[in-house]
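First the structure, in the form of C-alpha cells, and then the observations on it.
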Amino acid sequence: MDLKSLIRDIPDFPKPGILFRDVTTLLSDPEGLRYTIDFLAQKCSEIEIQVDYIIGMESRGFIFGAPVAYKLGAGFVPVRKKGKLPAAVHAIEYQLEYGTDTLEVHQDALQPGSKVLIVDDLIATGGTASATAKLVQKIDCELVGFGFIIELRDLQGRKNLPDVPIISLVEY
Ligand code: PRP
Ligand code: HPA
C-alpha cells in the first residue's frame with residue numbers, strides 16, 4: 001500500500017517554511033490504518049520476538065504505540081509531557097527548536113530488565129526519541145529498537161539515537 005498517498009502535506013505549518021507531514025488523513029482511512037499498524041507490528045516483531053513493553057510518546061506515539069503493543073502481546077507505557085502523570089516520575093529535559101521541554105514516565109511503570117521498544121509517528125531531529133531512550137536507561141530496561149511511521153531523512157535524527165535497530169515505514 002502507498003502510505004505516502006494517505007499522508008497529507010501541509011505547507012507553512014506550524015511556521016512559515018515548514019512542510020508538515022499530517023498523519024490524520026492516514027488515521028482516518030480504515031485500510032490505511034489497519035495496514036500501517038499491521039506493517040509496523042510485523043517489522044517490530046522482526047527486531048525482537050518477545051518485547052515486554054512498547055513506549056509511546058505524547059501524543060501521536062500513543063495512537064500508534066498502543067495497537068502495536070496489543071498486536072505484539074506487550075504492555076504499553078506512555079511517556080508524557082511535564083506534569084500530566086499522577087504518580088512518581090523520572091523526568092528528562094530535551095531540546096526543542098527554541099528552548100527546552102520535559103518528558104516524564106512513571107517510575108514504577110516497567111519491570112527493571114524488561115525489553116522495551118519505542119514507537120512514535122515521526123522522527124525529525126530525534127530529540128524526542130533520544131530523550132525517551134534516556135528515560136528507558138533511567139529505569140534500567142533494555143532498549144531493543146525504535147519504530148516510526150515517518151522519518152524525515154534530511155534532519156538526520158537517527159544520528160542522535162543509540163545503536164539499536166531503527167524502523168521507519170515511510171521516508172521523506
Ligand atoms: C512531534 C512528533 C514526534 C516529534 C518529532 O511531536 O509526533 O514526537 O515531534 O520531532 P523530533 O524528532 O524533532 O523530536 P510533538 O512534540 O509535536 O507532539 P504531538 O505529538 O503532541 O503533536
Ligand atoms: N509532521 C508532523 N510532526 C512533525 C513534523 C512534521 O512534518 N516535524 C516535526 N514534527
Side-chain angles (χ1 to χ4, degrees), residues 1-10 13 19-81 92 94 103-106 109-111 114-137 139 141-172:
M1 183 178 284
D2 179 13
L3 292 182
K4 271 191 182 172
S5 69
L6 295 173
I7 296 165
R8 179 166 58 172
D9 295 341
I10 308 279
F13 183 88
L19 183 61
F20 192 84
R21 310 296 182 177
D22 176 21
V23 293
T24 62
T25 40
L26 169 64
L27 288 168
S28 63
D29 185 274
E31 285 171 14
L33 175 61
R34 176 172 291 167
Y35 178 84
T36 301
I37 297 301
D38 288 350
F39 191 23
L40 186 60
Q42 170 62 33
K43 295 263 230 177
C44 287
S45 71
E46 287 166 13
I47 293 181
E48 182 74 46
I49 289 178
Q50 196 45 63
V51 176
D52 299 307
Y53 301 101
I54 299 291
I55 294 199
M57 300 83 115
E58 185 171 351
S59 59
R60 284 168 267 158
F62 298 171
I63 301 171
F64 295 101
V68 168
Y70 176 84
K71 283 200 72 103
L72 297 186
F76 177 78
V77 173
V79 161
R80 300 214 59 181
K81 289 173 185 166
I92 184 119
Y94 68 112
L103 289 176
E104 296 180 339
V105 68
H106 275 147
L110 301 99
Q111 296 275 356
S114 308
K115 291 186 175 167
V116 172
L117 206 143
I118 294 173
V119 168
D120 204 354
D121 69 322
L122 177 142
I123 176 165
T125 65
T128 306
S130 147
T132 304
K134 287 178 187 143
L135 282 177
V136 171
Q137 267 176 0
I139 300 163
C141 286
E142 182 191 347
L143 178 65
V144 298
F146 294 89
F148 303 99
I149 310 303
I150 300 170
E151 179 171 7
L152 304 183
R153 271 277 81 103
D154 287 354
L155 295 172
Q156 302 192 338
R158 60 169 65 217
K159 280 194 177 165
N160 297 320
L161 301 186
D163 186 20
V164 291
I166 301 166
I167 289 162
S168 59
L169 305 186
V170 175
E171 292 178 7
Y172 290 94

So, taking the atom named [atom1] in [X] and the one named [atom2] in [Y], what distance separates them when rounded to the nearest 0.5 Å?
{"X": "R60", "Y": "L27", "atom1": "CZ", "atom2": "CG", "value": "10.0 Å"}
{"X": "T36", "Y": "L3", "atom1": "OG1", "atom2": "CG", "value": "4.5 Å"}
{"X": "L117", "Y": "S45", "atom1": "CG", "atom2": "OG", "value": "10.0 Å"}
{"X": "Q137", "Y": "L143", "atom1": "CD", "atom2": "CG", "value": "8.5 Å"}
{"X": "I118", "Y": "L161", "atom1": "CD1", "atom2": "CG", "value": "8.0 Å"}
{"X": "L122", "Y": "Y172", "atom1": "CG", "atom2": "OH", "value": "9.5 Å"}

Fit a plane to each ring of F148 and F146, take the angle between them on a 0 to 90° scale, and name the class: parallel (under 30°), tilted (30 to 60°) or perpendicular (over 60°).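 F148 vs F146 ring planes: parallel.
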Can a salt bridge be assigned to the pair E58 and K81 using a cut-off of 4.0 Å between side-chain N and carboxylate O?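 Looking at K81 together with E58, the answer is no, because their closest N to O distance does not fall below 4.0 Å.
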Least distance between heavy atoms, [X] atom then [Y] atom:
{"X": "G56", "Y": "F62", "value": "O-CE2, 3.4 Å"}
{"X": "N160", "Y": "S130", "value": "O-CB, 3.5 Å"}
{"X": "V164", "Y": "G145", "value": "CG2-CA, 3.8 Å"}
{"X": "L152", "Y": "R21", "value": "CD2-CG, 4.0 Å"}
{"X": "G32", "Y": "L6", "value": "CA-CD1, 3.7 Å"}
{"X": "A131", "Y": "Y94", "value": "CB-CB, 3.6 Å"}

Flag if over 12 foreign heavy atoms under 6.0 Å of CZ, F20: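 Enclosed: over 12 neighbouring heavy atoms sit under 6.0 Å from CZ of F20.
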For atom CD of Q111, is the number of surrounding heavy atoms from other residues, nucleotides or ligands below 6.0 Å larger than 12?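 Open.
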L72 vs C44, test: side-chain contact (heavy atoms from CB on, under 4.5 Å). Steps then yes/no. CA-CA 8 Å; L72 297 186; C44 287; 3.9 Å; yes
Compare all side-chain heavy atoms of I123 with those of I166 and state whether any distance is below 4.5 angstrom.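 No, their side chains stay 4.5 Å or more apart.
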Name the one of I150, I149, L33 that satisfies side-chain contact (heavy atoms from CB on, under 4.5 Å) with L26?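 Exactly one option meets the side-chain contact (heavy atoms from CB on, under 4.5 Å) with L26, and it is I149.
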Using side-chain contact (heavy atoms from CB on, under 4.5 Å), reason through E104 and R80 one step at a time and then give a plain yes or no. CA-CA 5 Å; E104 296 180 339; R80 300 214 59 181; 5.6 Å; no
Would V105 and V79 count as a side-chain contact (heavy atoms from CB on, under 4.5 Å) here? Give the steps. CA-CA 5 Å; V105 68; V79 161; 4.1 Å; yes
Would a distance-only check, ignoring hydrogens and angles, find a side-chain to backbone donor-acceptor pair under 3.5 Å from [X] to [Y]?
{"X": "S114", "Y": "D52", "value": "no"}
{"X": "K159", "Y": "T125", "value": "no"}
{"X": "D9", "Y": "L19", "value": "no"}

Pairs meeting criterion salt bridge (Lys or Arg N to Asp or Glu O under 4.0 Å) with involvement of residues 25-40, two or more places apart: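 Those involving residues 25-40 are D38-K71.
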Dump the intermediate steps for side-chain contact (heavy atoms from CB on, under 4.5 Å) on I37 and F64, then the final yes or no. CA-CA 7 Å; I37 297 301; F64 295 101; 3.9 Å; yes
